[in-house]
Amino acid sequence: MSARVRYAPSPTGSPHVGNLRTAVYDWLLARKTGGAFVARLEDTDRDPTRYKPEFIGDIEQSLDWLGVTPDEWWVTGGDYGPYVQSERLPLYQEAGKRLMDMGMAYRCFCTEERLAAMREAQQAAGSPTGYDRHCRQLSREEADEKAARGAPFTVRLAVPREGATTYSDAVYGDITFGNRNVDDQVLLKSNGWPTYHLGVVVDDHHMGITHVIRGEDWMPSTPKQVLIYDALQWPQPAWVHIPLTLGKDRKKLGKRHGSTQFVDFIRQGYLPDAMFNFLVLLGWSPGDDRQIMSRDEIVEAFSLAGISRNPAVFDYDKLRWMNGEYIRAADPERIAALCLPYLREAGLMSGSPTDEETAYVAAVIPLVADRLKVLSEVADASRYFFEDPAEADPKGRRKWLSGSDGAARLERIIDAFAAAPDPLTPEAAEQIIDALPAEGESRAPFIHTTRIAATGATAGPGLFELLSALGKARVMSRLRRAREWVAEA
RNA sequence: GGCGCCAUCGUCCAGAGGUCAGGACGGCGGGUUUUCAGCCCGUAGACCGGAGUUCGAUUCUCCGUGGCGCUACCA
């Protein structure tokens, strides 16, 4: 059976990693079943403190970047459009009217003040909060009359006072809520716009959605929607609630958890496939021990049955590890291209590089790429290729550049490299170093001394490749300058 | 407070009525390399508690406890 699934973001902020994980599951189910992945913008909350249309771009970019571009959405359209709720208003009005006609909804004329006072009293009394159904008493005639006089109203769902509502969840099994605990939810706001509860049902129905995949935080509101589906005699979709993504403090992931906005991860230099792989495994497993999986393998193995019920802590360390794995497995040229913006941003490379600069960068990046966990680290990892180091690592300097030993070693290195061929190949560099130690002596001290003199660092790529990439001229000037480090040691 | 969900190493995930409870990240130790990263090897580390069912429960049931979520004219 081919599924139609949807991702329904609200432009109230930049989407975070937890949001995108649901998009990943949506996309997977669509691909797995040969169905369609649709995205719909739920923009019915126009409160200026929350409505932030500028984030729509982030939503689009995140989906595209992750490689889960919807088959139908507001960007490219589709057969079930429009894919923006603010352009579908009549549909909700119509549904609201039908619900009222059959007695499943009613107008509520309560003021915000009354509602606030009611809530306050309930909280003070320690009793359950929720609408007290004050306006449900009104006859249709009374309500019509009030409305005709221009009294503002909302439309609320008339939840049965007795009984229970049960729905079947693909992940959590049968879930039952006593109707007495279900609030008479507002369906249409006083401005005539729908709330989420009405909008989502109406659109999912009209868009032929077969599976509602969303965070577990939506479970308590599901009975309201089930009631609407049943009242309208629309077939329910399959309910698929997935466990929440948590921060280190085990609380629902949100703004307070540092970098959780998806676009932040894009900026930091994660690879789309690594992110996809990581997100999938956060709450789903193929049933065996595989960790690194290609998209095809994941689609092949994916099933709703593999979704966990446990909330998952977002583990940055594991993400970083996985990203490193993907970097090392990737085509070096692709990695190099992806690294360029970071070098530019760090001012290590000009916007319009010369051929010489381009070649240099192409030689340098492969040397450091394997050591990266995220691409943005490339700037720090390769800085000394572009700028003469201002100082040397203190420990390394003490160990390899101090005293008469260090000074003598450095001089011998300088003399040896002065005679080096230009261009300096890795092989030539190695021969030069190998010729330095006396019989029975290790070449290690010469290697370490050369490294810190040439780079100021004690760690980095293989020395011979490094020297070759640096080029003879840079190597010589740095080795000579390192005499200062000896003097100060 | 009410309602709902969840409960296996620090974290993510596997697991079966009887297993030495497994893998990955991270930690620790060692090996390899000129350093770092990587790679290899090893190691520590978990079934929330109490009843019940059963010959046998970490696994099934109930209760407790704990955690999380929801409780808006936000989604």
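Every chain is numbered from 1 and lettered A, B, ... according to where its sequence line falls, protein lines coming before strand lines. Hydrogens, waters and symmetry mates play no part in the numbers below; they use all other heavy atoms, side chains included.
When each of G462(A) and W284(A) is assigned the nucleotide of RNA chain B with its nearest heavy atom, W284(A) is the one assigned upstream, toward the 5' end. Along RNA chain B, the nucleotide closest to E465(A) and the one closest to G283(A) are compared, and the more 5′ of them pairs with G283(A).
Following rounding to the nearest Å, N323(A) (CG) and C25(B) (C1') show an atom-to-atom distance of 14 Å. If you take CG of L282(A) and P of A24(B), they are 18 Å apart, rounded to a whole angstrom. Per the geometry, CD belonging to Q291(A) stands 8 Å off P belonging to A24(B), to the nearest Å. For the pair N277(A) CG and C25(B) P, the computed distance is 13 Å after rounding to whole Å. Look at CD1 on I452(A): it is 14 Å from C1' on U34(B), rounded to the nearest Å. Taking atom CZ of residue R328(A) and atom C1' of nucleotide C39(B), one finds them 10 Å apart after rounding to whole Å. Taking atom CG on L281(A) and atom C1' on A14(B), their separation rounds to 11 Å, with Å as the unit. Note: NZ (K318(A)) to C1' (G10(B)) measures 13 Å, nearest angstrom.
Comparing G26(B), U34(B), C5(B) by their nearest atom to the side chain of M219(A) picks out C5(B). For N181(A), whose side chain is taken as the heavy atoms from C-beta onward, the closest listed nucleotide among C3(B), G38(B), U34(B) is C3(B).
For the C1' atoms, the distance linking C6(B) with C47(B) amounts to 15 Å, nearest Å. Taking the P atom of each, G45(B) and U33(B) are spaced 32 Å apart, rounded to whole Å. Nucleotides G26(B) and U58(B) place their P atoms 32 Å apart, quoted to the nearest Å. Comparing the same atom, P, in A7(B) and in A16(B) gives a spacing of 15 Å after rounding to whole Å. Taking the P atoms as reference points, U19(B) lies 25 Å from C13(B), given to the whole Å. Look at the P atom in both C5(B) and G64(B): the space between them is 14 Å, to the nearest Å. Rounded to whole Å, the separation between the C1' atoms of C48(B) and C41(B) comes to 35 Å. On the C1' atoms, U54(B) is 16 Å away from C62(B), given to the nearest whole Å.
Note on G215(A): nothing from the nucleic acid sits closer than 4.0 angstrom, heavy atoms only. When heavy atoms are screened at a 4.0 angstrom cut-off, P461(A) is found touching base atoms of the nucleic acid. Across all strands, I175(A) comes closer than 4.0 Å only to sugar-phosphate atoms, never to a base (heavy-atom distances). If you check every strand for non-hydrogen atoms under 4.0 Å, F464(A) touches a base. Counting any heavy atom pair closer than 4.0 Å across all strands shown, E377(A) reaches no nucleic acid atom. Residue-level contact check: G287(A) touches the backbone only, with heavy atoms under 4.0 Å from sugar-phosphate atoms and none from bases. Using a 4.0 Å heavy-atom distance criterion, A312(A) is classed as a sugar-phosphate-only contact.
Not one side-chain nitrogen or oxygen of N310(A) sits closer than 4.0 Å to the OP1 or OP2 atom of U11(B). Note on R371(A): every side-chain N or O is 4.0 Å or more away from OP1 and OP2 of C36(B). Between S308(A) and C13(B) there is a side-chain polar atom (N or O) within less than 4.0 angstrom of OP1 or OP2.
Remark: the R451(A) side chain and the U34(B) base include a donor-acceptor N/O pair separated by less than 3.5 Å.
Remark: R309(A) does not engage D169(A) in a salt bridge, criterion side-chain N to carboxylate O under 4.0 Å. Using a cut-off of 4.0 Å between Lys/Arg side-chain N and Asp/Glu carboxylate O, R40(A) and E42(A) are scored as salt-bridged. Here E430(A) pairs with R443(A) in a salt bridge; the nearest charged N to carboxylate O distance falls below 4.0 Å.
In this structure, R156(A) fails the cation-pi test against Y106(A), since its NZ or CZ atom is not both closer than 6.0 Å to the six-membered ring centre and inside 45 degrees of the ring normal. A cation-pi arrangement is present between R46(A) and Y51(A) under the rule of less than 6.0 angstrom and at most 45 degrees off the ring axis. For the pair K146(A) and F109(A), the distance from NZ or CZ to the six-membered ring centre is under 6.0 Å and the angle to the ring normal is within 45 degrees. Cation-pi geometry between R6(A) and F37(A) is not satisfied (NZ or CZ under 6.0 Å from the ring centre, within 45° of the ring normal).
D45(A) and Y196(A) share no side-chain donor-acceptor pair at under 3.5 Å.
For F314(A) and F278(A), the ring centers sit closer than 6.0 Å to each other.
Ring pair W239(A)/Y167(A) is perpendicular by interplanar angle, where above 60° counts as perpendicular and below 30° as parallel.
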Subject >> Nucleic acid footprint by protein, nucleotides 68-75 of chain B - heavy-atom cut-off 4.0 Å, B for base, S for sugar-phosphate alone >> reply: SBSSBBSB
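Base pairing in RNA chain B gives the following stems of 3 or more Watson-Crick or G-U pairs, range against range and under 3.5 Å: B:1-7 with B:65-71, B:10-13 with B:22-25, B:27-32 with B:38-43, B:48-52 with B:60-64.
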**OP:** Run the numbers on R320(A) and E377(A) for salt bridge (charged side-chain N to carboxylate O under 4.0 Å, His left out), then give the verdict.
**Re:** CA-CA 12 Å; R320(A) 287 172 56 78; E377(A) 290 169 352; 2.9 Å; yes
**OP:** Could you walk me through whether D132(A) and R114(A) pass salt bridge (charged side-chain N to carboxylate O under 4.0 Å, His left out), step by step?
**Re:** CA-CA 11 Å; D132(A) 60 7; R114(A) 193 187 100 78; 2.7 Å; yes
